[in-house]
Amino acid sequence: MSFTLATWNINSVRLRLPIVIDFLNTYKPDVLALQEIKCTNDQFPQKALAAAGYPHQAVNGMKAYHGVALVSRLPLSNVAAREFCAMGDARHVSATVEAGKAPATVHNFYIPAGGDEPDPDINPKFRHKLDFLAELRSWFSEPLFDSGQVITGDFNIAPHENDVWSHKQLLKVVSHTPVETDTLNAMRDERDWVDIVRKHIPETERVYSWWSYRAKDWNLSDRGRRLDHIWATRDVAGLSSNAEILRDARGWSAKPSDHVPVLARFG
DNA sequence: ATGGCGGATCTTATCCGA
């Protein structure tokens with residue numbers, strides 16, 4: 001097996017199609033996982049992405065919100081989408097990447113953001129986020145996740161102190177509260193998932209994949225969070241040779257996504 | 001100075017994101 005995977009919360013794939021194409025032409029990942037495509041399956045720019053060299057696609061879209069997709073240079077099989085929390089929304093799509101004699105299955109997730117107030121008793125969005133994580137954790141206990149799996153996407157949680165600009169100031173801010181980070185860490189450890197970005201970038205180094213649109217100068221204030229992740233089962237993780245976060249992409253266009261691509265090389 | 005912006009849509013107002 002040998003392939004490069006990228007994940008990118010694109011915040012409208014139709015609006016940002018030109019920078020997606022530029023990214024694919026420049027970095028040439030074998031597989032790109034997109035979140036927040038914000039379109040229906042019919043509206044997904046499948047022809048333009050096929051023409052760019054990514055004819056193999058798995059799309060789980062919906063109107064206006066959320067939506068995920070995998071686009072690939074390599075054939076995809078076993079395409080599937082799972083619904084979580086009986087919400088009728090589009091937050092997961094998966095496919096097996098035919099990358100030689102040891103194929104890997106990639107699961108692309110858009111975990112709920114969770115709203116503002118980190119209290120499930122008064123904030124239904126935070127309740128949804130915790131319920132989603134519980135359902136995910138339960139699913140991961142299945143034998144399917146013993147080996148050969150990659151999970152990626154916008155997890156909407158920055159687990160480590162150095163995954164946020166200020167650990168202390170974000171402890172009560174949704175995405176870095178202890179109930180979220182403890183749950184994510186427990187989910188990782190009980191299934192022996194490997195955080196591929198942190199395998200290659202030491203935890204002592206601050207790294208972010210998201211910066212708010214509201215900052216006057218995102219680069220100067222640098223108040224980011226590492227919300228976008230690539231995890232793999234131990235066997236697949238053993239093959240990873242590199243990971244990077246494309247910080248510069250936050251300034252690539254006049255209208256950038258608030259997230260940047262995260263890439264990992266396997267094999 | 002963690003929402004100050006920026007998406008889509010039921011568009012000139014509203015809901016959503018994190």
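Order of the sequence lines sets the chain letters (A, B, ...), proteins ahead of strands, with each chain counted from 1.
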(request) May I ask you to test the Leu263(A)-Phe23(A) pair for a side-chain heavy-atom distance under 4.5 Å? (result) yes

(request) Just jot down the side chain to side chain contact (heavy atoms under 4.5 Å, CB included) partners of Pro120(A), sequence neighbours excluded, or say none. (result) Phe126(A), Arg127(A), Leu130(A)

(request) Mark yes or no: Arg223(A) above the aromatic ring of Trp165(A), with NZ or CZ under 6.0 Å from the six-membered ring centre and no more than 45 degrees from the axis. (result) yes

(request) For dC16(B) and dC10(B), measure between their P atoms and round to the nearest Å. (result) 14 Å

(request) Would you please indicate if the ring centroids of His107(A) and Trp139(A) are separated by under 6.0 Å? (result) yes

(request) For dA8(B) versus dT12(B), give the span between their C1' atoms, rounded off to a whole number of Å. (result) 15 Å

(request) Check the distance between dA18(B)'s C1' and Phe155(A)'s CZ and give it to me in whole angstrom. (result) 16 Å

(request) Verify the ring-centre separation between Trp218(A) and Tyr213(A): is it less than 6.0 angstrom? (result) no

(request) Between dA18(B) and dT14(B), how far apart are the P atoms? Round to whole Å, please. (result) 23 Å

(message) Side chains of Thr177(A) and Glu180(A): any donor to acceptor distance under 3.5 Å?
(response) yes

(message) Less than 4.0 angstrom from a charged side-chain N to a carboxylate O is my criterion; do Arg198(A) and Asp163(A) meet it?
(response) yes

(message) Quick check: is Val236(A) connected to Val31(A) through a chain of hydrophobic side chains (ILVMFWY, heavy atoms under 4.5 Å apart)?
(response) yes

(message) Ignoring hydrogens, what is the shortest heavy-atom contact between Ala186(A) and Arg137(A)? Give both atom names and the distance.
(response) CB-NH2, 3.5 Å

(request) Scan Glu36(A) against the nucleic acid and name what it touches under 4.0 Å (heavy atoms): base, sugar-phosphate only, or nothing. (result) sugar-phosphate

(request) Mind listing the residues from residues 10-18 of chain A sitting with a heavy atom below 4.0 Å of DNA chain B? Number order is fine. (result) Ser12(A), Arg14(A), Leu15(A), Arg16(A)

(request) Name the nucleic acid region contacted by Lys63(A), choosing base, sugar-phosphate or nothing; use a 4.0 angstrom heavy-atom cut-off, strictly under. (result) sugar-phosphate

(message) From NZ of Lys216(A) over to P of dC5(B), roughly how many Å is that when rounded to an integer?
(response) 10 Å

(request) Only one of Thr152(A), Leu136(A), Asn156(A) passes side-chain contact (heavy atoms from CB on, under 4.5 Å) with Phe109(A); say which it is. (result) Leu136(A)

(request) Please determine which of Asp154(A), Leu34(A), Asn60(A) meets the side-chain contact (heavy atoms from CB on, under 4.5 Å) test together with Tyr110(A). (result) Asp154(A)

(request) Measure from the side-chain heavy atoms of Tyr213(A) and tell me the nearest of dG17(B), dT9(B), dA18(B). (result) dG17(B)

(request) Give Trp211(A) one of three labels, base, sugar-phosphate or nothing, depending on what nucleic acid heavy atoms sit under 4.0 Å from its own. (result) nothing

(request) Let me know the distance between OH of Tyr208(A) and P of dA18(B), rounded to the nearest Å. (result) 18 Å

(message) Classify Val173(A) by what it touches in the nucleic acid, base, sugar-phosphate, or nothing, heavy-atom distance under 4.0 Å.
(response) base

(message) Here's a test of your reading of the structure: between Ala113(A) and Arg223(A), which maps to the more 5' nucleotide of DNA chain B?
(response) Arg223(A)

(message) Mind checking if Phe126(A) touches a base, just sugar-phosphate, or nothing, with heavy atoms under 4.0 Å?
(response) nothing

(request) Could you tell me whether Asp154(A) contacts a base, only the sugar-phosphate backbone, or nothing, with contacts defined as non-hydrogen atoms closer than 4.0 Å? (result) sugar-phosphate

(request) Using whole Å, report how far CG of Asn123(A) lies from C1' of dA18(B). (result) 12 Å

(message) With heavy-atom distances below 4.5 Å as the criterion, would you say the side chains of Asp228(A) and Gln35(A) are in contact?
(response) yes

(request) Please list, chain by chain and in numerical order, all residues satisfying side chain to side chain donor-acceptor pair (under 3.5 Å) with Trp231(A), sequence neighbours excluded. (result) none

(request) Identify which nucleotide among dT9(B), dA18(B), dG3(B) has an atom closest to any side-chain atom of Ser175(A), counting heavy atoms from C-beta outward. (result) dA18(B)

(message) Between Trp211(A) and Val262(A), is there shared hydrophobic-cluster membership here, with clusters defined by ILVMFWY side-chain heavy atoms closer than 4.5 Å?
(response) yes

(request) Kindly state which residues belonging to residues 82-94 of chain A come within less than 4.0 angstrom of DNA chain B, counting heavy atoms of the residue only, listed by number. (result) none

(message) Is there, by distance only and without an angle test, a donor paired with an acceptor across the side chain of Asp116(A) and the base of dG17(B) below 3.5 Å?
(response) no

Could I get a table of every N or O pair under 3.5 Å where one atom is in the protein and the other is in nucleotides 11-16 of chain B?
residue, atom, partner, partner atom, Å
dC15(B), O2, Tyr65(A), OH, 3.4

(request) For DNA chain B, find the residues of residues 251-261 of chain A with a heavy-atom distance under 4.0 Å and give them by number; none if there aren't any. (result) Lys255(A), His259(A)

(request) Tell me whether the guanidinium CZ or amine NZ of Arg206(A) lies under 6.0 angstrom from the six-membered ring centre of Tyr208(A) and within 45° of its axis. (result) no

